[in-house]
Amino acid sequence: MILGGPRSRRSNVDPRWILRARRARTLLADRPHTAALLQFYLSILELQTAVCAPIDVSHWVTTVESPGGGDAPRLQLERLPVNEFSVTFSTFCREMPETAPAPVTHAAGAIAGARAETRVDLLMTLLTGEELATPSGVLGCEPAPLVFLARAFLSPVAETLSALAPTGAAAPAAVCPQCGWPPQVSRLEDESHTQGVRRLVCALCAAAWIFPRGVCPACGVSGEEGLEFHVDEALPHLRVEACKTCRHYLKSVDLRVLGLAEPLVDDLATPELDLWATEQGLEKIAPNLLGL
Ligand SMILES: [Zn+2]
Ligand SMILES: [Zn+2]
């Protein structure tokens with residue numbers, strides 16, 4: 001491998017995401033059938049680094065911090081002044097890499113050419129969790145690529161705010177205690193006092209929080225009627241955690257088996273497990289960034 005050089009790819013990714021990029025490059029070599037998917041993911045990390053990472057969000061922490069306390073998420077991201085993002089979001093869409101799937105390229109062009117308030121509506125719709133029917137109709141695009149673009153743009157903003165906001169020992173929550181989004185993936189690791197601690201990793205802001213091992217995050221059931229596990233022998237550090245009661249699933253990454261795994265990336269790089277789950281009639285708690 002040729003290292004360094006003035007256009008070393010490593011330097012094109014924000015330091016916070018270096019481990020994700022490194023893991024994606026490793027998996028790209030190890031799992032050639034996912035190469036196109038991972039190449040696209042890497043180019044999105046570079047675009048997020050160029051366009052999203054420079055957005056200074058620090059002065060908005062107090063704007064989005066939840067006044068409440070209690071079990072409410074600490075951040076209310078729908079209070080973000082998304083109208084200030086209109087131009088940057090347009091740039092993000094215009095610079096979508098050529099390797100993007102055709103529906104994403106089409107949607108990116110429509111968003112970049114749309115009126116500012118349409119872009120703002122789309123971003124706000126993602127943050128409030130409302131139906132995408134209106135922006136989808138106005139832009140003449142399917143909802144899925146619109147969700148991808150809005151989420152890829154807003155995730156780094158959410159991740160920055162989530163890291164800046166105070167965290168605390170909340171009760172085990174089924175959704176992210178920072179931003180209220182559902183978990184993307186589960187991870188297992190040993191800690192100094194406890195073996196096999198399970199954390200859920202947020203689908204939007206990437207925060208991780210402790211959650212009981214045997215409990216389904218979607219419906220709260222445990223025991224006989226709760227989770228069952230599916231392992232693919234080619235991927236010993238991964239398993240599908242599927243709930244017998246509500247038929248939802250998410251993947252779990254065991255960092256004790258493979259310490260170099262990056263749960264968000266390993267989830268993206270194993271579409272065969274999602275295919276298997278779909279064939280079983282299971283529904284993912286939260287599709288990942290690439291919609292799998
Ligand atoms: Zn979150
Ligand atoms: Zn369940």
Side-chain angles (χ1 to χ4, degrees), residues 16-17 20 48 52 55 57 60-61 63-66 68-80 82 123-129 147 150-187 198-230 239-253 262-265 267-268 274 277-278 280-289:
R16 291 173 296 163
W17 309 321
R20 290 179 211 169
Q48 289 173 326
C52 308
I55 302 173
V57 297
W60 290 330
V61 175
T63 308
V64 299
E65 246 181 305
S66 176
D71 287 341
R74 293 191 183 85
L75 302 175
Q76 295 179 336
L77 293 176
E78 66 277 13
R79 289 160 68 179
L80 273 175
V82 282
L123 295 175
M124 192 46 85
T125 304
L126 188 89
L127 293 178
T128 55
V147 169
R151 186 174 164 186
F153 177 76
L154 286 171
S155 277
V157 172
E159 192 169 343
T160 307
L161 286 166
S162 179
L164 290 171
T167 54
V175 295
C176 174
Q178 293 296 89
C179 78
W181 270 52
Q184 184 67 73
V185 64
S186 177
R187 75 176 199 224
R198 182 195 195 196
R199 279 192 174 76
L200 303 178
V201 182
C202 176
L204 185 68
C205 79
W209 68 100
I210 290 179
F211 196 75
R213 282 280 290 268
V215 178
C216 168
C219 72
V221 169
S222 59
E224 280 292 291
E225 293 308 309
L227 300 179
E228 57 184 350
F229 306 110
H230 167 76
R239 63 183 186 178
V240 175
E241 302 181 339
C243 177
K244 288 187 206 167
T245 295
C246 72
R247 307 295 293 156
H248 282 90
Y249 80 96
L250 82 172
K251 291 176 207 166
S252 172
V253 177
E262 277 291 313
L264 291 171
V265 184
D267 178 39
L268 286 171
D274 298 291
T278 305
Q280 311 305 308
L282 297 163
E283 186 183 347
K284 205 169 192 178
I285 292 177
N288 61 38
L289 178 64

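We count ligands from 1, going down the list as the structure has it; atoms in each ligand are counted the same way.
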Which heavy atom of [X] sits nearest to which heavy atom of [Y], and what is that distance?
X: Phe153; Y: Cys52; value: O-SG, 3.6 Å
X: Arg199; Y: Ile210; value: NH2-CD1, 3.6 Å
X: Pro287; Y: Arg151; value: O-NH1, 2.8 Å

Audit row: His230, Tyr249, side chain to side chain contact (heavy atoms under 4.5 Å, CB included) steps and yes/no: CA-CA 10 Å; His230 167 76; Tyr249 80 96; over 6 Å; no
Shell of protein N/O/S atoms around the Zn ion (ligand 1), taken as anything under 2.8 Å: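 For the Zn ion (ligand 1), the protein N, O and S atoms that sit under 2.8 Å away are Cys176 SG, Cys179 SG, Cys202 SG, Cys205 SG.
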Atoms named by residue and atom, protein N, O or S, within reach of the Zn ion (ligand 2) (under 2.8 Å):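 The answer, once waters are left aside, is Cys216 SG, Cys219 SG, Cys243 SG, Cys246 SG.
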Flag for Glu241-Ser252: side-chain donor and acceptor within less than 3.5 Å: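 Yes, Glu241 and Ser252 have a side-chain donor paired with an acceptor closer than 3.5 Å.
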Member of Arg239, Arg198, Lys251 meeting the side chain to side chain donor-acceptor pair (under 3.5 Å) criterion with Ser186: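 When Arg239, Arg198, Lys251 are each tested with Ser186, the side chain to side chain donor-acceptor pair (under 3.5 Å) holds only for Arg198.
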Audit row: Leu154, Leu77, side chain to side chain contact (heavy atoms under 4.5 Å, CB included) steps and yes/no: CA-CA 10 Å; Leu154 286 171; Leu77 293 176; over 6 Å; no
Stepwise side chain to side chain contact (heavy atoms under 4.5 Å, CB included) check, Arg16 with Thr160: CA-CA 10 Å; Arg16 291 173 296 163; Thr160 307; 2.9 Å; yes
Stepwise side chain to side chain contact (heavy atoms under 4.5 Å, CB included) test for Arg213 and Leu227: CA-CA 9 Å; Arg213 282 280 290 268; Leu227 300 179; over 6 Å; no
